2 protein chains.
Amino acid sequence: MNEAITHLKVPMELEDDRSVCLGPDGSVAHVTRTLEIIGGRWKLPILFRLFEKASMRTSQLLRDIPGISQKMLTQHLRELEVDGLVMRHDYQEKPPRVEYELAASGRDLMPVLMAMRDFSRRHPQG
Amino acid sequence: MNEAITHLKVPMELEDDRSVCLGPDGSVAHVTRTLEIIGGRWKLPILFRLFEKASMRTSQLLRDIPGISQKMLTQHLRELEVDGLVMRHDYQEKPPRVEYELAASGRDLMPVLMAMRDFSRRHPQG
DNA sequence: CAGCATCCCTCTGGATACTG
DNA sequence: CAGTATCCAGAGGGATGCTG
């Protein structure tokens with residue numbers, strides 16, 4: 001799964017080329033990777049929500065994020081889970097009860113997001 | 001112009017809602033703004049290139065970034081210029097001679113990109 | 001309540017050809 | 001050399017209905 005963002009994804013054949021030509025550290029590839037992880041339409045709202053509230057049920061997220069649909073919520077939560085940012089807890093109850101919380105990687109990501117937020121603040125668009 | 005990334009763009013009607021519901025600081029909106037700026041398929045290669053080489057001609061960029069097309073190079077350079085990350089210098093010569101360099105905002109962005117790079121390094125994908 | 005399956009529309013980006 | 005104009009394929013995401 002984890003269908004990454006198309007226009008950000010690096011075609012297999014070019015990946016090495018780009019790493020090489022753009023620094024031996026592969027900076028571009030790594031930044032691209034981070035972009036792919038947070039690049040979904042609702043990824044940021046979900047992450048910030050879980051950052052504020054620690055643990056949340058699916059229905060809570062659905063209510064607290066205006067405009068998101070069931071489908072997109074589940075889909076993005078899956079991707080975030082696969083990418084290791086979010087942990088899913090299924091309590092195996094009836095009716096279903098599932099909760100999500102930020103994993104360690106997810107918490108580590110927050111300072112990066114804060115840096116991105118601060119950049120935008122320091123550079124208001126023209 | 002500056003046609004932003006669709007799946008990242010916040011519909012007008014929801015912009016306020018999201019800012020409110022996701023913290024009074026509008027974190028999500030700001031991070032989204034930064035994402036939009038760097039979200040194009042070739043934005044990162046271009047930025048890193050200009051970060052390394054200071055000033056470059058169009059043809060140099062075209063040669064140094066494997067896989068990019070004339071169209072996308074120009075298009076992304078325009079967007080980066082509009083967003084204030086890149087400065088364009090047209091020397092008004094014949095044949096044409098145009099050079100690009102990072103603007104102050106572009107240089108300010110680099111530490112943020114480094115943070116994103118480091119995050120990816122610290123969290124290798126599964 | 002939580003999640004999956006479809007259909008459909010929009011937009012990005014690639015390929016190509018042309019201008020000054 | 002630098003840039004523009006078309007055409008087109010593919011992916012992301014919205015709307016809706018169904019399942020356990």
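Nothing here was measured: the structure is a model prediction, and the numbers come from that model. Letters A, B, ... mirror the listed sequences (proteins, then strands); counts begin at 1.
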(request) Return the value, rounded to whole Å, for the distance between atom CG of A/Leu62 and atom C1' of D/dG14. (result) 14 Å

(request) Counting heavy atoms from C-beta on, name the nucleotide in D/dC1, C/dC1, C/dA5 closest to the side chain of A/Lys71. (result) C/dA5

(request) Would you kindly give the CD-to-P distance between B/Gln92 and D/dA2, to the nearest whole Å? (result) 13 Å

(request) Would you please classify the geometry between the A/Phe119 ring and the A/His123 ring as parallel, tilted or perpendicular, with 30° and 60° separating the classes? (result) tilted

(request) Report the nucleotide, chosen from D/dC1, D/dG14, C/dC1, that has the shortest atom-to-atom distance to any side-chain atom of B/Ser59. (result) D/dC1

(request) Using a cut-off of strictly less than 4.0 Å, decide whether A/His76 has a side-chain nitrogen or oxygen near OP1 or OP2 of D/dG13. (result) yes

(message) Whole angstroms only, please: what is the CD1-C1' distance between B/Ile68 and C/dT12?
(response) 14 Å

(request) Establish, with yes or no, whether the OP1 or OP2 oxygen of C/dG14 is under 4.0 angstrom from a side-chain nitrogen or oxygen of B/Arg41. (result) yes

(message) A/Ser55 and side chain to side chain donor-acceptor pair (under 3.5 Å): which single residue from A/Gln60, A/Glu99, A/Glu101, A/His89 fits?
(response) A/Glu99

(message) Distance check needed: C/dC1 C1' versus A/Asp90 CG, whole Å only.
(response) 11 Å

(message) Could you tell me if the side chain of A/Val112 sits less than 4.5 Å from the side chain of A/Ile38, heavy atoms only?
(response) no

(message) Any non-hydrogen side-chain atom of B/Phe48 less than 4.5 Å from a side-chain atom of A/Val31?
(response) yes

(message) Tell me the interatomic distance from A/Gln70, atom CD, to C/dA2, atom P, rounded to whole angstroms.
(response) 8 Å

(request) Could you point out which residue of B/Lys43, B/Arg33, B/Arg78 forms a side chain to side chain donor-acceptor pair (under 3.5 Å) with B/Asp83? (result) B/Arg33

(message) Using only modelled atom types and a 3.5 angstrom limit, is any donor from either the side chain of B/Lys94 or the base of C/dG20 paired with an acceptor on the other?
(response) no

(request) Just call it for A/Tyr91: base, sugar-phosphate, or nothing, with non-hydrogen atoms closer than 4.0 Å on any strand. (result) nothing

(request) Measure from the side-chain heavy atoms of B/Pro95 and tell me the nearest of D/dC1, D/dT4, D/dG13. (result) D/dC1

(request) Check the distance between D/dT16's C1' and A/Leu73's CG and give it to me in whole angstrom. (result) 17 Å

(request) Name the nucleic acid region contacted by B/Arg63, choosing base, sugar-phosphate or nothing; use a 4.0 angstrom heavy-atom cut-off, strictly under. (result) nothing

(message) Mind checking if B/Glu93 touches a base, just sugar-phosphate, or nothing, with heavy atoms under 4.0 Å?
(response) nothing

(request) To the nearest Å, give me how far apart CD1 (A/Ile65) and P (D/dG14) are. (result) 12 Å

(request) Round to a whole Å and report the spacing from NE2 of A/His89 to P of C/dA2. (result) 14 Å

(message) With heavy-atom distances below 4.5 Å as the criterion, would you say the side chains of A/Leu50 and A/Leu80 are in contact?
(response) no

(message) Pick the closest DNA chain D nucleotide for A/Met72 and for B/Pro96 by heavy atoms, then say which residue is nearer the 5' end.
(response) B/Pro96

(request) Tell me whether the OP1 or OP2 atom of C/dG14 has a side-chain N or O from B/Trp42 closer than 4.0 Å. (result) yes

(message) By the 4.0 Å heavy-atom rule, please label A/Thr58 as base, sugar-phosphate, or nothing.
(response) sugar-phosphate

(message) OP1 or OP2 of C/dC1 versus the side-chain N and O atoms of A/Arg57: is any pair under 4.0 Å?
(response) no

